[in-house]
Amino acid sequence: MPRVLVAGSAGFIGTHLTGYLLDLGWEVVGVDNFSTGKPENVERYRQRPNFTFYEMDITQEVPEGDYDYIVNLASPASPKKYLSLPVDTMLVNSIGVKNLLDLAKETGATFLLASTSEVYGDPLVHPQPEDYWGNVNPVGPRSVYDEGKRFAEAITMAYYRYDRVPVRIARIFNTYGPFMDVADGRIIPNFAYQALTGQPLTIYGDGSQTRSFCYVSDMVEGLFRLLTYEGLDGEVVNLGNPDERTVLDVARLVVKIYGVPESFTFLPLPQDDPKRRKPDITKAKRLLKWEPKVPFEKGLRRTLEWYKEVVNVG
Ligand SMILES: NC(=O)c1ccc[n+]([C@@H]2O[C@H](COP(=O)([O-])OP(=O)(O)OC[C@H]3O[C@@H](n4cnc5c(N)ncnc54)[C@H](O)[C@@H]3O)[C@@H](O)[C@H]2O)c1
């Protein structure tokens with residue numbers, strides 16, 4: 001069975017991807033420093049004989065060994081988290097990525113970078129195809145993440161071009177589902193927490209800005225295909241769900257599913273907040289034969305059920 005290193009395995013997507021790979025019988029080595037991930041996400045797999053875990057900061061050291069695949073998910077991902085860890089975010093996306101690329105080079109592993117739709121910034125092209133170069137403010141508050149990921153992509157392509165490391169880059173668009181930290185600060189956990197604790201739901205701007213949300217099981221399937229399909233070295237592929245929703249519509253749906261009274265607080269839009277975000281997934285359909293399958297209402301219901309248990313009310 002293949003041996004894979006998953007960096008960021010204690011995070012939201014890492015927890016799901018680890019479970020998926022363990023279920024396939026793969027030997028999974030997880031590494032995480034718990035900066036935004038949680039020890040309990042690792043504990044759930046401790047008893048699995050094909051799982052090993054190292055608590056390490058990948059900017060300092062990486063678990064040496066032979067790997068067929070290396071997946072790098074390690075990075076704070078939500079604006080709340082990366083704005084509170086600005087320098088760490090830049091370091092994990094530069095030195096951390098370099099350390100993993102060196103390991104891929106040594107061991108001949110295929111390397112998958114989890115990049116982000118944030119490399120498109122506040123996009124002037126809609127929806128965003130992979131060959132759109134983006135509209136990023138290099139000195140704005142969000143640049144620690146956006147430019148960090150742009151650097152991560154650039155160094156990944158440098159190892160591909162100059163050292164022939166087999167690499168693939170996933171540009172992940174908003175993903176949601178169980179195990180996303182309720183305190184993560186992103187829209188769905190925020191709405192869930194506020195609705196469950198009887199608070200008004202906070203909407204930035206007038207709520208007409210759009211997002212498109214991909215359920216995490218669809219994302220994991222896309223990442224797995226990008227990691228393992230033949231002939232994809234050097235490819236950059238958008239993964240996300242093109243089903244576009246306004247923030248206000250999402251808030252209304254959360255209220256409806258939980259059956260709570262509709263109550264919203266409107267606050268000013270944060271600086272550089274993108275107004276529209278929607279992936280063009282033509283390339284993923286062509287190369288991976290992949291597209292999301294879980295409808296938003298269904299995924300949202302499952303996710304809200306999970307938050308109900310975690311937040312432990314009613
Ligand atoms: N969830 C999304 O909607 C989304 C969207 C776009 C991109 N992404 C990307 O996908 C990846 C995973 O996102 P997520 O939502 O699971 O985030 P997450 O914060 O839940 O997981 C990231 C994990 O990386 C770990 N980590 C951070 N710095 C580290 C370091 N120096 N050494 C070791 N581990 C470290 C954290 O502790 C955490 O467990 C990230 O790279 C993120 O940028 C996610």
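We number each residue from 1, following the sequence as shown. As the structure lists them, so they are numbered: ligands from 1, and atoms in each ligand from 1.
- Ligand 1 is approached by Tyr145 to a heavy-atom distance shorter than 4.0 Å.
- On a distance-only criterion, Gly37 and ligand 1 share at least one N/O pair closer than 3.5 Å.
- Between Phe191 and Phe213, the gap from one ring centroid to the other reaches at least 6.0 Å.
- Smallest separation of non-hydrogen atoms from Tyr120 and Glu130: OH-CA, 3.3 Å.
- Note on Phe179: it clusters hydrophobically with Leu17, by side-chain heavy-atom contacts below 4.5 Å among ILVMFWY residues.
- Residue contacts with ligand 1 for Ser115 involve N, CA, C or O but no side-chain atom from C-beta outward (heavy atoms, distance under 4.0 Å).
- Heavy-atom separations between Met219 and ligand 1 are all 4.0 Å or longer.
- The residue among Lys81, Arg186, Arg211 with a heavy atom at the shortest distance from atom 4 (C) of ligand 1 is Arg186.
- For an aromatic pair to be called close, the ring centres must be under 6.0 Å apart, and Phe224 with Tyr229 fails this.
- Between Tyr20 and His16, a ring centre-to-centre spacing not shorter than 6.0 Å is recorded.
- Under the 4.0 Å criterion applied to side-chain N and carboxylate O atoms, Lys283 and Glu235 are assigned as salt-bridge partners.
- Taking a 4.0 Å cut-off on heavy atoms, Gly96 fails to register as neighbouring ligand 1.
- Ligand 1 has a nitrogen or oxygen under 3.5 angstrom from a nitrogen or oxygen of Phe12.
- Given atom 29 (C) of ligand 1, the protein heavy atom at minimum distance is Asn33 OD1, 3.2 Å.
- Below 3.5 Å of separation, one finds no N or O of Thr59 facing any N or O of ligand 1.
- For Lys38, no heavy-atom contact with ligand 1 is shorter than 4.0 Å.
- If you chain together hydrophobic residues whose side chains sit under 4.5 Å apart, Val97 and Ile70 fall into the same group.
- Other residues, nucleotides and ligands place no more than 12 heavy atoms under 6.0 Å from the CD atom of Gln47.
- The heavy atom nearest to atom 22 (C) of ligand 1, out of those in Ser9, Ala74, Ser75, is found in Ser75.
- Between Leu73 and ligand 1, at least one N/O pair is under 3.5 Å apart.
- Contacts between Phe34 and ligand 1, counted as non-hydrogen atom pairs separated by less than 4.0 Å, involve the backbone only.
- Residue Ile58 has at least one nitrogen or oxygen atom sitting less than 3.5 Å from a nitrogen or oxygen atom of ligand 1, judged on distance alone.
- When only non-hydrogen protein atoms are considered, atom 19 (O) of ligand 1 lies nearest to Thr36 OG1, 2.6 Å.
- For ligand 1, the polar-atom distance check against Ser35 finds a nitrogen or oxygen pair separated by under 3.5 Å.
- For Asp57, heavy-atom contacts with ligand 1 shorter than 4.0 Å involve the backbone as well as the side chain.
- Here's the thing with Lys149: one of its N/O atoms is less than 3.5 angstrom from an N/O atom of ligand 1.
- Among Arg277, Lys275, Arg276, the single residue meeting the salt bridge (charged side-chain N to carboxylate O under 4.0 Å, His left out) criterion with Glu244 is Arg276.
- Note: no N/O pair closer than 3.5 Å links Pro76 and ligand 1 by distance alone.
- Linking Ile, Leu, Val, Met, Phe, Trp and Tyr residues whenever their side-chain heavy atoms come within less than 4.5 Å leaves Val237 and Trp133 in two separate clusters.
- For ligand 1, none of its N or O atoms has an N or O atom of Met180 under 3.5 Å away.
- No more than 12 heavy-atom neighbours from other residues, nucleotides or ligands sit within 6.0 angstrom of OH on Tyr193.
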